[in-house]
Amino acid sequence: MVRKLPPARANGANCEQPVETSAQRLIAPFVAYIRCECHLSENTARAYRRDLVRFCRWLGKRQIAGLSIQALSEYVGWMRTD
């Protein structure tokens, strides 16, 4: 039996789930790595995760590979206001 997919939304996006960036997809494996392979404490792993999630929130649609020193300086300023 072939199942038909529901019709796509007008804007082509699923409004119920936020779009996950490629950077965000890397957070969970990295946290697992630092916990299991590096034997870092749970508190340290949570702190890394929190900081990376915050960085991804600032990153938005920017590409990591295209970040300049100026952009990273703006991130430091953003952290003070967030």
Side-chain angles (χ1 to χ4, degrees):
M1 176 178 177
V2 176
R3 297 182 73 194
K4 290 186 179 182
L5 295 174
R9 295 182 187 259
N11 64 3
N14 182 349
C15 297
E16 296 171 6
Q17 294 181 348
V19 175
E20 186 177 64
T21 66
S22 60
Q24 289 169 322
R25 283 190 292 263
L26 298 174
I27 293 173
F30 175 73
V31 171
Y33 167 77
I34 64 173
R35 281 286 294 130
C36 298
E37 299 296 326
C38 301
H39 307 288
L40 297 182
S41 73
E42 187 62 35
N43 284 341
T44 300
R46 271 188 254 150
Y48 270 99
R49 183 185 183 290
R50 181 191 63 238
D51 292 345
L52 289 168
V53 167
R54 191 172 181 204
F55 178 71
C56 285
R57 190 171 60 217
W58 172 82
L59 192 61
K61 295 187 185 250
R62 296 176 186 97
Q63 296 294 317
I64 292 175
L67 292 179
S68 65
I69 298 294
Q70 177 65 35
L72 293 173
S73 295
E74 291 170 9
Y75 171 64
V76 172
W78 178 84
M79 286 192 308
R80 293 182 183 156
T81 62
D82 184 43

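To the nearest 0.5 Å, atom CZ of residue Arg62 and atom SG of residue Cys56 are 11.5 Å apart. In this structure, CZ in Arg49 is found 14.0 Å from CZ in Arg35, a value given to the nearest 0.5 Å.
Residue-environment remark: CD (Glu42) exceeds the threshold of 12 foreign heavy atoms within 6.0 Å. The number of heavy-atom neighbours closer than 6.0 Å to OH of Tyr33, taken from other residues, nucleotides and ligands shown, is 12 or below. Heavy atoms of other residues, nucleotides or ligands lying less than 6.0 angstrom from CD1 of Ile69 number 12 at most.
Using a 4.5 Å heavy-atom cutoff, the side chains of Tyr48 and Leu40 are in contact. Side-chain atoms of Arg57 and Trp78, non-hydrogen and from C-beta on, do get closer than 4.5 Å to each other. Under the 4.5 Å side-chain criterion, counting only non-hydrogen atoms from C-beta, Leu52 is not in contact with Leu26.
Across all their heavy atoms, Arg54 and Met79 have their closest contact at NH2-O, 2.7 Å. Taking every heavy atom of both residues into account, Ile34 and Ala45 meet most closely at CD1-CA, 3.9 Å.
Put simply, Phe55 and Val53 are part of two different groups of oily side chains (I, L, V, M, F, W, Y) that touch within less than 4.5 Å, one to the next.
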